[in-house]
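Here is the structure we will look at, set down as structure tokens.
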2 protein chains.
Amino acid sequence: MEGTGKLGQGFEHSDENAARVPVHQQVYAQLRDAVLFGELAPGQAVTIQGLIERTGAGMTPIREAIRRLTSEGALEFRGNRRVVVPMLTADAIDDLIFLRETVESRLAEHAAEKITATDIAALEKIDSQVDEAITRGDVSAYLRQNYAFHAKLYAVANAPILMDVANSVWLRFGPSMRVVCGRMGTQNLPDNHKTALDALKAKNAQATANAMREDVVQGMEQIRAALRDGTAFSETID
Amino acid sequence: MEGTGKLGQGFEHSDENAARVPVHQQVYAQLRDAVLFGELAPGQAVTIQGLIERTGAGMTPIREAIRRLTSEGALEFRGNRRVVVPMLTADAIDDLIFLRETVESRLAEHAAEKITATDIAALEKIDSQVDEAITRGDVSAYLRQNYAFHAKLYAVANAPILMDVANSVWLRFGPSMRVVCGRMGTQNLPDNHKTALDALKAKNAQATANAMREDVVQGMEQIRAALRDGTAFSETID
DNA sequence: GCTACAAAAATATGATCAAATTTTGATTAG
DNA sequence: CTAATCAAAATTTGATCATATTTTTGTAGC
């Protein structure tokens, strides 16, 4: 009688043509977003039991989702069977900046070579929503729309392996990014998307790569600076 | 009374101090090695039922292992609930070469800064076993020892995020590497490890990075060349 | 402060249900 | 009469859950 059905939303059409999404994928997507957009703080514990109650799903699909996210760097195995949202160290953020710079600029090059007018229109629409979120000061919307912009660019690049790496990087800095934005608001956030869009329209791969690299570095430096302050991620668990 | 105990080997000390390894980790490690060292060919299907029989484990831990390896690029979701060992495309190998070059050389730099005399001794021992495998013409041993050398270097570098990326790259080209070596033997295989070891002893980060980059590129180019021939990975499943 | 007991949480298995693929059989065209 | 194509049954495989076992943690008593 699991009347709550906390996971049932999204395909209530009662039509049979609705593509069936397995529960483990739903749990995965839900948890992934929670990490990516900072609904779970760095250091926060994630328990199987807690997710069973939170989602109403069974044990097996939840385990699968957790394993998957652990592989992707969104969660971390903290020894005693405890799974937590990882906290960034100074060394880790350096590596993340390096990775995102190199991978994202290569993806940008690929995207510039393959982009169509439809893609550009989609990117411009997303970017306008980024702007709107910034002026509104809506941190959550900014994080989601900004990710949507980059994700769309990855999709255009059509390089699944590089995209996997990029997404893993996002999952690793996402929680800290949220903490930083929560403190600073949306004013100082980077948005070099216009420059990138101009380069994309001109199909200039190198210029696109440079614009995206600039965007990436500016955003990541905010996190690094906050990490240096030390006050940023002090939610130590034990 | 699971008398078969096909997974029990490896910790039969009957001591209680032996660290207990969860079944899902055992299955993961076993499957991972099978992919990494080419015991499973590119395109080969991997079924849950098959693994249950092969390993004697239950369903849940096997599912966990499969999800994890899918995230890491070792396996691929082929639509209709079919999981296969991915086959490399020309585009993919380009991205893998790029990734391995950039990530591995950065790991080499880190390693050069942190390496100790003990580490160097360990690396030299592994490298001698690489040499031995090459002269013996033992492909399987070469693959394992060569990986061991690189993995040890990653461990010394102490950069978990970069290591994850590097390992994911290994899992993606491993099966094809095995096919290539199976056709060519061990004669033309790269081994720039001596140059790298010299640079490591001198704590010269840049020279270490260059040596490892050379090693990586030589090895990966073998795969790219085989891919171009087209004859290499023709085990199409269709 | 240390040991022992109890409660909570994670691991692992097997059962059950649903979906997909394969096999089999029948009908029809050559 | 043979071969090919389509349909339906059967087998195989995957998804989910409920349950049992082990491990860990927290607490109370010594």
Side-chain angles (χ1 to χ4, degrees), chain A residues 1-8 10-11 14-31 44-71 75-84 237-238, chain B residues 1-11 14-31 40 43-71 75-85 237-238:
Chain A
M1 55 56 86
E2 69 302 328
T4 52
K6 297 168 190 170
L7 260 175
F11 50 104
S14 78
D15 245 23
E16 72 279 359
N17 73 343
R20 210 182 95 65
V21 178
V23 173
H24 64 83
Q25 281 192 29
Q26 296 180 49
V27 174
Y28 165 79
Q30 191 173 314
L31 237 183
Q44 180 158 346
V46 172
T47 67
I48 293 177
Q49 294 294 334
L51 285 176
I52 287 176
E53 292 181 17
R54 203 158 106 65
T55 64
M59 192 167 279
T60 311
I62 285 180
R63 296 188 133 253
E64 293 179 69
I66 288 180
R67 294 290 170 238
R68 204 172 151 188
L69 286 162
T70 303
S71 281
L75 300 175
E76 192 181 36
F77 233 81
R78 204 57 152 238
N80 294 338
R81 315 170 152 204
R82 211 153 221 167
V83 176
V84 302
I237 348 152
D238 58 327
Chain B
M1 51 60 82
E2 68 301 331
T4 52
K6 297 171 191 169
L7 261 175
Q9 78 282 51
F11 50 101
S14 80
D15 244 23
E16 73 280 358
N17 72 345
R20 207 182 94 65
V21 178
V23 173
H24 66 86
Q25 281 193 30
Q26 296 180 48
V27 174
Y28 165 79
Q30 191 172 313
L31 236 182
L40 298 173
Q44 181 158 346
V46 172
T47 67
I48 293 177
Q49 298 290 337
L51 285 176
I52 287 176
E53 293 180 16
R54 203 159 108 64
T55 63
M59 190 168 281
T60 310
I62 286 181
R63 298 188 130 252
E64 293 179 72
I66 289 181
R67 293 286 170 243
R68 204 171 151 189
L69 287 162
T70 303
S71 282
L75 299 174
E76 191 182 36
F77 233 81
R78 201 64 149 235
N80 293 338
R81 315 169 151 206
R82 211 154 221 166
V83 175
V84 301
V85 180
I237 347 149
D238 73 315

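Every value quoted in this text rests on a predicted model; they were computed, and no experiment measured them. Just so it is clear, the values below take in all heavy atoms, side chains as well, and ignore hydrogens, waters and symmetry mates. Chain A is the first sequence line, chain B the second, and so forth, proteins listed ahead of strands; every chain is numbered from 1.
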_Quick check for you: among C:dA10, C:dT13, D:dT16, whose closest atom lies nearest to any side-chain atom of A:Thr47?_
C:dA10
*Of B:Val46 and A:Gly58, whose closest DNA chain D nucleotide lies nearer the 5' terminus?*
B:Val46
*Side-chain heavy-atom pair B:Arg63, A:Thr60 within 4.5 angstrom cut-off*: yes
*D:dC17 P sits how many Å from A:Gln26 CD, rounded?*
10 Å
*asked:* Could you tell me how far apart B:Ile52 (CD1) and C:dA15 (C1') are, to the nearest whole angstrom?
replied: 12 Å
_Is it the case that the base of C:dT13 and the side chain of B:Thr60 share a donor-acceptor contact (distance under 3.5 Å, atom types as modelled)?_
yes
_Side chains of B:Ile48 and B:Met59 in contact at under 4.5 Å (non-hydrogen atoms)_ = yes
*Starting from P on D:dG14, measure out to CG on B:Leu51 and report it in whole angstrom.*
9 Å
_At less than 4.0 Å, is any side-chain N or O atom of B:Arg67 found next to OP1 or OP2 of D:dA15? Yes or no._
yes
*asked:* I need the CD-C1' distance between B:Glu64 and D:dC17, as an integer number of Å.
replied: 15 Å
*Can you tell if the side chain of A:Ser71 reaches within under 4.5 Å of the side chain of A:Arg68, non-hydrogen atoms only?*
no
*Grab the CE-P distance between A:Met59 and C:dA9 for me, whole Å please.*
10 Å
*Using a cut-off of 4.0 Å on non-hydrogen atoms, how would the nucleic acid contact of B:Pro61 be classed: base, sugar-phosphate, or nothing?*
base
_For atom CD of A:Gln49 and atom C1' of C:dA9, their distance in whole Å_ = 6 Å
_I want to check something: taking the side chain as every heavy atom from C-beta on, are A:Arg67 and B:His24 in contact at a cut-off of under 4.5 Å?_
yes
*Measure from CZ on B:Arg63 to P on D:dT13 and round the result to the nearest Å.*
14 Å
*Which whole-number value in Å describes the distance from A:Arg68 CZ to D:dA15 C1'?*
15 Å
